[in-house]
Amino acid sequence: MRSERTREEGSSWVRVGRRYLAPLLVRRFPPEVPFGFLGRVVPTDADVDVVLEMHRIPDARALALAHGAEAVAEAELAAGGGSAAAELEVERAAAEALGRDVARRAQELWSVGLRCVAAGASRARAEAERLRLSERLAQYGFRTRVPRFEAGAILAATSMAADEPRPEGYWQTLPTDGLAALFPFADESVLEPTGILVGLSLANASPVFLDRWSHASHSWAVFGTTGAGKSFAAALTALRSRWVRPETRLIVLDPLGEFTPLVTAIGGTVVRPAAGGDVRFNPLDPDSTGGDRDEKALRVVGMLRALFPSVRDEEAATLASAVHRLYRGTAETPTFDDLIGEVERAPGGPGRLGTLLEVFRSGPLARVNGPTTFASDAPTVSIDLSGLAEEELPFHLAYLLDWTYGRLRAPAGPSLVVLDEAHLVARHDATAEFLDRLVRHLRHFDAGLLLVSQNPDDFLARPSGRSILRNVFATAFLRLPEVSRETREFFGLTPAEAEWLPKARLPRDAGYSEALWRVGEWHLPLAIVASTPEYEFLQSTLGRRPGRER
């Protein structure tokens, strides 16, 4: 028990016995904070006490405060508002909404005081702890100040009568929702029945289980820099999805061949379309659209635009006309020889377009010039594209996504498609638009997509990419080198979250990946962890190709 006989007070600290206390005053709260954030601001190893004081404001007074705030905003808007007009309009609308909530007793108003007291065996340690605390609070938008010659008033005991001395600016007015966010005891775990474990909360190690099949969109995305553990997280998600629902079909589009050993180990079929490979996919085969040849023509034009981004408008028109003539002129399955013939018969001759398409006759893409030779009903299929030229990968991924779409049309239970290096598709308008349609329609086939890529900015640069991300239910951000303004605004990340992501721990440092999961309205900092059998299995089967470590 502290003894008043050993008490000494300085300008901004108090010594009680052998301990120094350095109080910190919260003088302004931010507009919003994540629910239960306080448990992360004050970690368990910090020598900090947090005292939250609250006194309910009577209903009549609360309603008067809300109406008063609305009236002030309206008066300032009537006077012109100046450069702050937009902010004033937001304040007016918020005050009006709060008044309605108070009137129908959906919200109450509270006088709230939050004081933090850092402690240490020396004055320097206590003040250093206070500085760190102030910096963490600032990341969430709090404004704090060190009390000067007010430390005693800050540390005065709390009474139930709200008449204890407190410095000016100590009391803030908050609604019930704002007050609830200050409690550090919030349980932010998500436990969806029949879901899979996606991670453990970094705040309290509570598990988070998500069931992709219980939501309107069955698609997820994983973003992270090289070495952040994207491939591990994607493989772990796929395995757990299969364990929970063994009937789930799994299709992996694998540009780097990283998943080949894993798929082989679980008894799946691995397909290698590269030169010397044992199969061929015909990108022109209309089977992927259920025989809808007009729809197939549109997809083929998009694939070729991704392969030949330098095609001029007049060449694109010639190509589109040739493709549509090809599908309307015969009921047979066309090949690229047939398409080149249509281009050569176009008015004015093939021109430069014919030279470009020659790659399908005598160039490296001659391997896709011919009928499809792959047919398999295997529940797990991985298409290994390693060995193909990097500039060709968007084209290959485009027609393989088309093939995948056709395979999913056949009813066969739930399906999960893993698309690695998804930015290769998102960077081209035509293929990004097709991927957008795929994400929006997959749920009709009881299927979901797991997008794996390095940076969300590759998607945000195009309207179709933004649509893709809007239709993804859960997004996991592992470490990112930086978080752009576009990413912060699109995903509603707080400044603290944006600052934390470039510092998220890596598997090589912590033995697991740290990630921020955006799941609907939840923002969940999680550790992506595996059991010992899972870890050993994935470590032994995930490919590690020289120079391509992810």
Side-chain angles (χ1 to χ4, degrees), residues 23-43 46 48 50-55 57 62 65-66 69-70 72-73 76 83-98 101-102 107-118 130-147 154 166-186 188 202-203 477 483-503 516 518 521-525:
L24 184 68
L25 174 64
V26 175
R27 62 184 179 87
R28 186 169 179 180
F29 291 87
E32 61 181 33
V33 291
F35 189 60
F37 81 100
L38 202 54
R40 297 193 289 274
V41 171
V42 186
V48 174
V50 178
V51 178
L52 179 65
E53 298 180 70
M54 66 200 101
H55 302 284
I57 299 174
L65 287 173
E70 182 183 357
V72 169
E76 294 188 15
S83 60
E87 184 177 349
L88 287 170
E89 179 56 38
V90 171
E91 291 181 3
R92 186 206 63 76
E96 181 184 15
L98 179 60
D101 288 343
V102 170
Q107 292 274 9
E108 297 173 336
L109 290 187
W110 299 76
S111 289
V112 179
L114 181 66
R115 70 176 188 264
C116 307
V117 183
R130 175 170 59 189
L131 177 60
R132 288 191 292 269
L133 176 64
S134 176
E135 291 172 345
R136 290 194 294 268
L137 285 167
Q139 291 176 352
Y140 282 92
F142 285 82
R143 295 186 182 180
T144 62
R145 72 176 175 89
V146 175
I154 286 285
R166 292 289 179 256
E168 182 179 354
Y170 178 79
W171 296 106
Q172 309 287 330
T173 301
L174 293 181
T176 305
D177 286 348
L179 175 61
L182 296 176
F183 280 80
F185 315 110
E188 293 189 272
L202 292 178
F477 300 98
V483 180
S484 68
R485 177 178 59 83
E486 290 78 9
T487 294
R488 293 198 307 270
E489 293 178 354
F490 185 86
F491 291 101
L493 303 181
T494 67
E497 290 169 340
E499 188 170 324
W500 175 77
L501 281 173
K503 305 173 186 176
L516 177 67
R518 182 180 181 270
E521 296 299 319
W522 295 308
H523 288 209
L524 307 172

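Just so you know, residue 1 is the first one in the sequence shown, and it goes up from there.
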Rounded to the nearest 0.5 angstrom, the CG-CG distance for L109 and L174 is 9.0 Å
Between P30 and G141 the two heavy atoms that sit nearest each other are CB-O, 3.6 Å
- Item | 4.5 Å side-chain heavy-atom contact, L98 and L65 | no
Between the CD atom in E96 and the CD atom in E70, the distance rounded to the nearest 0.5 Å is 5.0 Å
Output for pair (E499 CD, R136 CZ), nearest 0.5 Å, gives 12.5 Å
Could you tell me whether a side-chain N or O of R488 sits under 3.5 Å from a main-chain N or O of V483, the two making a donor and an acceptor? yes
What one should report as the nearest heavy-atom pair of Q107 and P175 is OE1-CB, 3.8 Å
* Taking the side chain as every heavy atom from C-beta outward, state whether S484 and E489 have any pair of such atoms under 4.5 Å apart. => no
Could you check whether any side-chain heavy atom of T144 comes within less than 4.5 Å of a side-chain heavy atom of L133, counting everything from C-beta outward? no
Closest heavy-atom pair, H55 versus W171, reported as atoms and distance to 0.1 Å, is CD2-CH2, 3.4 Å
For R115 and Y170 the tightest heavy-atom approach is NH1-OH, 3.6 Å
The reported gap from CG in L114 to CD in Q172 (rounded to nearest 0.5 angstrom) is 9.5 Å
- Do V117 and V51 come close enough that some side-chain heavy atom pair is under 4.5 Å? no
message = Taking F491's backbone N and O only, do any of them form a donor-acceptor pair with R518's side chain (distance below 3.5 Å, no angle check)?
response = yes
Next item on the list: Using a 4.5 Å cut-off on heavy atoms from C-beta on, say whether the side chain of L24 contacts that of V146.
Entry: yes
Taking side chain as C-beta onward, heavy atoms only, is E76 less than 4.5 Å from R92?
no
P147 and L25 have their tightest heavy-atom pair at CD-N, 4.2 Å
Closest non-hydrogen atoms of V102 and A62, given as atom of the first, atom of the second and distance, are CG1-CB, 4.0 Å
Output for pair (S134 OG, Q139 CD), nearest 0.5 Å, gives 10.5 Å
Heavy atoms, side chains only, cut-off 4.5 Å: are T176 and D101 in contact?
no
Q. Under 4.5 Å between any side-chain heavy atoms of F477 and E497, yes or no?
A. no
